[in-house]
Amino acid sequence: MKSVHWHPLARHDVDAAAAWYAGQGGVAVELAFVDALESAIAHLARHSGTGSVRYAELLKIPALRFWPLGKFPYLIFYVEREHQVDIWRVLHAQRDVPAWMGPSE
């Protein structure tokens with residue numbers, strides 16, 4: 001199992017999403033989001049090569065992969081390293097991914 005390293009933008013993404021779910025559906029929905037996130041991260045720590053490379057060519061980041069967040073419409077963007085998984089962003093699937101992954105963010 002690889003260790004997981006969180007980029008500050010990814011932490012911000014998660015905090016914002018969790019706050020939105022808490023505001024819309026209360027603590028139960030927020031906790032369901034956090035549980036789905038933890039499950040997805042555990043999967044990536046064990047099987048980091050399973051994510052899709054769909055955005056890698058478009059963004060010119062060859063190692064970039066993403067993994068969907070279960071029943072929530074979020075995508076976890078990450079790069080697999082030799083001994084760790086770097087979580088770059090956690091974005092809503094309806095976002096303009098290239099814009100949100102760009103250097104201005």
Side-chain angles (χ1 to χ4, degrees):
M1 183 180 295
K2 294 183 178 186
S3 64
V4 175
H5 175 264
W6 287 82
H7 187 283
L9 285 174
R11 289 204 180 274
H12 174 76
D13 296 338
V14 169
D15 290 345
W20 188 86
Y21 281 116
Q24 295 298 307
V27 174
V29 177
E30 178 186 17
L31 291 177
F33 173 78
V34 171
D35 286 346
L37 178 67
E38 289 175 350
S39 177
I41 295 299
H43 171 84
L44 293 176
R46 288 189 309 274
H47 309 287
S48 54
T50 59
S52 172
V53 295
R54 176 177 161 197
Y55 290 100
E57 185 175 323
L58 175 68
L59 296 170
K60 298 182 182 2
I61 305 171
L64 183 69
R65 294 180 177 272
F66 75 89
W67 186 255
L69 189 59
K71 64 183 179 179
F72 291 89
Y74 279 80
L75 305 173
I76 301 169
F77 288 87
Y78 68 97
V79 172
E80 177 185 16
R81 307 279 185 211
E82 184 177 349
H83 299 290
Q84 72 183 34
V85 175
D86 292 338
I87 308 297
W88 282 18
R89 299 300 303 256
V90 180
L91 300 175
H92 194 282
Q94 297 300 313
R95 296 261 190 226
D96 178 354
V97 170
W100 281 80
M101 291 292 290
S104 64
E105 280 297 311

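Remember, predicted model here, so these are calculated numbers, not experimental data.
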Handout entry: NE2-CD1 distance between His5 and Ile87, expressed to the nearest 0.5 angstrom
Key = 10.5 Å

Exercise for the section: May I ask you to decide if Ser48's main-chain N or O and Tyr78's side chain share a donor-acceptor pair within less than 3.5 Å? Expected result: yes

Practice task
Give the cluster check for Leu58 versus Ile61: same hydrophobic cluster or not, with ILVMFWY residues linked at side-chain heavy-atom distances below 4.5 Å.
Solution key: yes

Handout entry: Within-4.5 Å side-chain heavy-atom neighbours: Lys2 and Arg81
Key = no

Exercise for the section: For the pair Arg65 (side chain) and Gly49 (backbone), establish whether a donor and an acceptor sit closer than 3.5 Å, ignoring hydrogens and angles. Expected result: yes

Exercise for the section: To the nearest 0.5 angstrom, please state how far the CZ atom of Phe77 sits from the CG atom of Leu75. Expected result: 5.0 Å

Exercise for the section: Taking the side chain as every heavy atom from C-beta outward, state whether Gln24 and Val29 have any atom pair closer than 4.5 Å. Expected result: no

Problem - Gap separating the CG atom of Asp35 from the CZ atom of Phe72, nearest 0.5 angstrom - result: 8.5 Å

Practice task
Is it possible for you to say whether Trp88 and Tyr55 belong to one hydrophobic cluster, with membership spreading through side-chain heavy-atom contacts below 4.5 Å?
Solution key: yes

Problem - Close side-chain approach of Leu69 and Phe33, heavy atoms under 4.5 Å - result: yes

Handout entry: Interatomic distance, Trp6 atom CH2 to Ile41 atom CD1 [nearest 0.5 angstrom]
Key = 4.0 Å

Fill in the blank from the handout: The reported gap from NE2 in His47 to CE in Met1 (rounded to nearest 0.5 angstrom) is 8.0 Å

Exercise for the section: Treat each ILVMFWY residue as a node, draw an edge where side-chain heavy atoms are under 4.5 Å apart, and state whether Trp67 and Leu91 are in one component. Expected result: no

Exercise for the section: Please tell me if the side chains of Ile76 and Leu37 come closer than 4.5 Å, counting only heavy atoms from C-beta onward. Expected result: yes

Handout entry: Glu57 CD to Leu64 CG distance, which is reported to the nearest 0.5 Å
Key = 12.5 Å

Exercise for the section: Would you please classify the geometry between the His92 ring and the Tyr74 ring as parallel, tilted or perpendicular, with 30° and 60° separating the classes? Expected result: perpendicular

